[in-house]
Amino acid sequence: MQTRRRLCTALAGICLFLVVPVLPAHASDPYLDMLEEEAQVLELIKTAEQMDAKAQSSTGGISDENTTRAMLGPGMSTEQFDAALKAHFVGTYMLYDKLSAEQKAAVYARYQRDGRIMEIRRAIAKHL
Amino acid sequence: MIMKTAVASMLVVLGCGAAVAEDLPVRITEDIVYVDLMTGDKTVRIQRIQDEENVIDGGFAKTSRKCPPFCIHPMSVAPGVETIGEVELLEFLQKEVQAGNGLVIDARTPSWYQKGTIPGSVNIPFTEFAEDPQSVAVIDLMKRLGVVSGPAKDSWKDKLASWAWSVGLASPDGLIWDFSDAKKLVLWCNGPWCDQSPRAIKSLLALGYPAEKIYYYRGGMQLWQIFGLTVVVPEG
């Protein structure tokens, strides 16, 4: 039993030795990881903006420009915040709706500090 | 190796003559209204957004990112490397790129490049410059920059090695670079908070690329967008 365990450990070590040099040099570069994370967040924000703008134009609501610059008024409860997103920013809400209760609470906390829709979108995107 | 060319061949035309006819209110400079880049059979016009109420949004409107790693870079990236602005970059496109003596390099990773780039730029991510200097990828990359590789040519042994290298009999061990025909380069990335082009520049200098042939456009995509200059989304 012990021999088999030793053999497995040795094999795992050999496999690791063989695999590690094959990985790209930048695979563990934290700067690259953060760059890619930032790029993904921007992509999600853009998607949400486009979906909001499309929904707004189809309902004759606020303009494309305002879907970027808009703010959610202060002092809303979590339920009111959810409802406001759903009513005015459908694209953003669709992304928000995918979050866990804990993540939604973090987005709500962000809204309490800064009600700009672009900041709320960013907070949502960071959790996706 | 990831290397995409945004322009194959390029002819740059300053739109000075059209200034009076078109009378655009937001010019690049008092004398320059726009710059036309001919890319193959297409023309890309670089000009500023004419809506004086326009503001930027999205990622480049953001003022604050975690530092490190997204810290403010000094004006000078390395000794001997000149930092330039938008007007100098346009002049570089007109003079150096048109003549085939220069390249404007978008040193960002492909996920950033795909969102939009400065017309006339080629995408060579900064990671490409940090590969093994003796790898085929770096040798190909340097060829693209007008740099010839081969063993040293001082002694008879070197001459023999050079011949062996030229006919494919020798490995590139100990190869050196000949920078005499190296192109002038402008490197840029997301803005003064971005480390991608500074890293690429440092890697080029480590390879021996002459500092006087490298220019750093520190403003990058953020300043380019703040001035409302034309951004193109790469095809494919």
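Just so it is clear, the values below take in all heavy atoms, side chains as well, and ignore hydrogens, waters and symmetry mates. A, B, ... follow the sequence lines: proteins, then strands. Residue 1 opens every chain.
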For atom CE of A/M94, decide whether the heavy atoms of other residues, nucleotides or ligands shown that lie under 6.0 angstrom number more than 12.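 Atom CE in A/M94 is not packed in, count stays at 12 or less.
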Take atom CD of B/E212 as the centre, draw a 6.0 Å sphere, and report whether it contains more than 12 heavy atoms from other residues, nucleotides or ligands.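 Yes - once you tally the heavy atoms of other residues, nucleotides and ligands closer than 6.0 Å, there are more than 12.
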Excluding sequence neighbours, so at least two apart, what forms side-chain hydrogen bond (donor to acceptor under 3.5 Å, both in side chains) with B/R199?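 Here the qualifying residues are A/D29, B/D195.
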Got a second to check how far [X]'s [atom1] is from [Y]'s [atom2], nearest 0.5 Å?
{"X": "B/K62", "Y": "A/I45", "atom1": "NZ", "atom2": "CD1", "answer": "7.5 Å"}
{"X": "B/S111", "Y": "A/E37", "atom1": "OG", "atom2": "CD", "answer": "12.0 Å"}
{"X": "A/L42", "Y": "B/K115", "atom1": "CG", "atom2": "NZ", "answer": "5.5 Å"}

Under the rule for side-chain contact (heavy atoms from CB on, under 4.5 Å), what residues qualify as partners of B/I56, not counting sequence neighbours?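 B/I56: side-chain contact (heavy atoms from CB on, under 4.5 Å) contacts with B/F60, B/A61, B/Q225, B/I226.
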Taking all atoms of both residues into account, what is the closest heavy-atom pair of [X] and [Y], and its distance?
{"X": "B/F70", "Y": "A/L35", "answer": "CE2-CD2, 3.9 Å"}
{"X": "B/C194", "Y": "A/Y31", "answer": "C-OH, 4.1 Å"}
{"X": "A/M34", "Y": "B/P69", "answer": "SD-CD, 3.4 Å"}

